[in-house]
Amino acid sequence: MGRQDRLRPAMRWGFLLLLAAAASRYGLRHGWGADTGVVLALAGVLLAAYAINELGRRAPGARFAAVLVAFLALVLAAPSFALVAIPLFFVGLRQLPRRAVWPLVGLLTGAVVVAQIRLADQLDPSLVLGPVGVAAITTVVFLELDRQNQARQRALDDLLAARDELDRSQREAGALAERARLSREIHDTLAQGLSSMNLLLQAADQEWDTEPGQSRAHVRQAAATARENLAEARRFVRGLASPALDGATLTDALRRLCAATERDTGIPVRFAVVGTVAPLGVDDEVALLRVAQGALANVRQHARARRTAVTLTFGDQEVTLDVYDDGTGFDPAAVTGFGLTGIRERITPLGGTVAVESAPGEGTAIAVSLPLREAR
């Protein structure tokens with residue numbers, strides 16, 4: 001419940017108590033004759049106008065004006081009802097526009113001053129200065145609290161707007177990250193698999209008449225590659241690890257990858273493990289395997305290498321994957337393709353580093369390093 005919601009019932013009860021107290025006081029002092037009946041009737045009119053004002057939803061200015069007229073008539077008839085001005089004062093401040101605040105304060109304060117003078121035996125300056133001072137202080141405090149409340153509401157609205165903008169940005173960032181993930185997976189798996197199948201099927205077509213046995217072997221290899229890529233597609237869409245790692249270690253998966261590359265291309269691919277094998281997280285294993293797949297695919301498609309070496313080295317603080325070929329090489333600064341970018345996007349979020357050494361005619365060496373879990 002907000003501050004204004006708590007203030008409203010308090011003012012309602014205060015109005016009822018002060019009205020009942022003033023009516024009782026008037027009846028006890030003046031008896032219960034005809035004049036008292038008129039005063040109580042006016043008090044009933046005020047109560048009805050107040051109830052309509054509190055329950056109504058339209059024309060707040062007209063509703064409160066009716067309350068004000070009923071109050072002034074009642075105070076004119078019975079000055080002892082002047083205390084009812086206190087809850088009416090807060091109702092008017094809450095309900096009327098700012099430009100009407102000070103006229104309202106002046107009118108209610110004047111009514112209270114006149115009522116006190118009528119009730120007093122002699123004129124006392126405190127009868128004027130007291131109500132004026134209290135009204136001025138109360139009004140300034142109320143307006144300042146209202147200003148602070150509006151400032152807090154604006155800050156809350158700005159905060160909610162900023163949160164909505166942050167949520168939208170996070171959704172967009174998540175969508176971009178997912179698209180980048182799928183792009184890397186497609187480049188490192190499906191695209192490379194399709195390229196391999198294309199080469200195998202081209203070789204089968206060329207040898208179809210002269211080497212039917214070899215052609216059938218190429219076709220079988222292409223079919224096996226297609227099955228592997230289908231499994232890859234299903235897995236990375238679900239965000240799971242590579243099927244090449246199902247029931248196998250990273251070293252086993254890399255060894256099979258090197259053997260398959262050598263079988264498909266005829267390029268010798270040497271694989272070696274250096275150091276004591278340490279446990280790696282699934283994300284680390286998938287990243288290293290994908291890097292090896294992408295690097296060997298580049299060797300197959302572009303390098304025209306005579307030999308290739310893949311080395312997995314476990315140190316005290318990190319694990320390093322090196323892929324080297326003695327092919328044509330390239331200028332790393334001039335390359336803008338997705339391959340190297342995809343490698344960096346895989347390794348950097350895992351806290352790793354990527355180094356590429358190459359030059360035209362001098363081969364290529366790619367080294368990626370990831371910190372071991374114990375060293376993170």
Side-chain angles (χ1 to χ4, degrees), residues 184-207 214-233 235-236 241-274 285-313 319-330 335 337-340 342-343 346-347 354 356-358 363-368:
R184 291 194 299 269
E185 297 293 347
I186 290 172
H187 177 272
D188 293 343
T189 57
L190 300 186
Q192 312 304 343
L194 291 172
S195 176
S196 178
M197 285 186 284
N198 180 59
L199 293 175
L200 290 168
L201 292 175
Q202 285 181 350
D205 181 63
Q206 293 171 0
E207 299 172 351
Q214 186 63 31
S215 294
R216 285 193 293 272
H218 290 325
V219 171
R220 286 193 293 270
Q221 291 177 16
T225 302
R227 288 191 296 271
E228 292 173 359
N229 275 259
L230 179 59
E232 288 278 6
R235 292 299 184 91
F236 75 67
S242 170
L245 293 170
D246 284 350
T249 64
L250 174 62
T251 56
D252 292 336
L254 290 173
R255 186 174 289 108
R256 287 200 300 266
L257 174 63
C258 293
T261 302
E262 181 173 339
R263 181 189 66 231
D264 294 344
T265 63
I267 302 173
V269 182
R270 182 178 62 86
F271 174 67
V273 179
V274 178
E285 292 185 339
V286 171
L288 293 175
L289 179 59
R290 294 293 191 233
V291 169
Q293 287 174 328
L296 290 178
N298 289 332
V299 172
R300 180 172 57 245
Q301 296 174 18
H302 309 296
R304 296 197 295 274
R306 293 183 300 274
R307 60 182 179 274
T308 302
V310 177
T311 306
L312 185 64
T313 304
V319 57
T320 302
L321 176 70
D322 296 283
V323 181
Y324 166 78
D325 71 81
D326 62 354
T328 56
F330 62 95
V335 173
F338 186 82
L340 292 179
I343 290 175
R346 284 187 182 279
I347 298 302
V354 178
V356 180
E357 295 182 4
S358 185
T364 302
I366 298 176
V368 299

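All values derive from a computational prediction rather than experimental measurement.
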Non-hydrogen side-chain atoms of Tyr324 and Thr364 separated by less than 4.5 Å: no
Close side-chain approach of Ile343 and Val368, heavy atoms under 4.5 Å: yes
Glu357 atom CD, neighbour heavy-atom count above 12 within 6.0 Å: no
Pairwise side-chain contact, Val291 with Leu321, heavy-atom cut-off 4.5 Å (strictly under): yes
Side-chain heavy atoms of Arg307 within contact of Arg270, under 4.5 Å: no
Ile347 side, atom CD1; Arg290 side, atom CZ - distance, nearest 0.5 Å: 12.0 Å
CD1-CG distance between Ile366 and Asn298, expressed to the nearest 0.5 angstrom: 6.5 Å
Rounded distance (nearest 0.5 Å) linking atom CG of Leu200 with atom CZ of Arg263: 8.0 Å
Heavy-atom closest pair, residues Gly329 and Ser358: CA-OG, 3.4 Å
Those residues that, when tested against Asp322, pass salt bridge (charged side-chain N to carboxylate O under 4.0 Å, His left out) (two or more places apart): none
Contacts of Arg216 that satisfy salt bridge (charged side-chain N to carboxylate O under 4.0 Å, His left out) - sequence neighbours left out: none
Shortest non-hydrogen contact between Glu262 and Pro268, atoms and distance: CD-CA, 3.8 Å
Test item: Leu289 and Leu257 side chains (from C-beta on) under 4.5 Å apart, heavy atoms: yes
pair Thr261-Phe271: side-chain heavy atoms closer than 4.5 Å: no
Leu296 vs Val323, side chain to side chain contact (heavy atoms under 4.5 Å, CB included): CA-CA, chis, key distance, verdict: CA-CA 8 Å; Leu296 290 178; Val323 181; 4.3 Å; yes
Distance-minimising heavy-atom pair for Ala305 and Thr308: CB-OG1, 4.3 Å
Test log, rule side chain to side chain contact (heavy atoms under 4.5 Å, CB included), inputs Arg306 and Ile267: CA-CA 6 Å; Arg306 293 183 300 274; Ile267 302 173; over 6 Å; no
Side-chain donor-acceptor contact under 3.5 Å, Thr251 with Thr249: yes
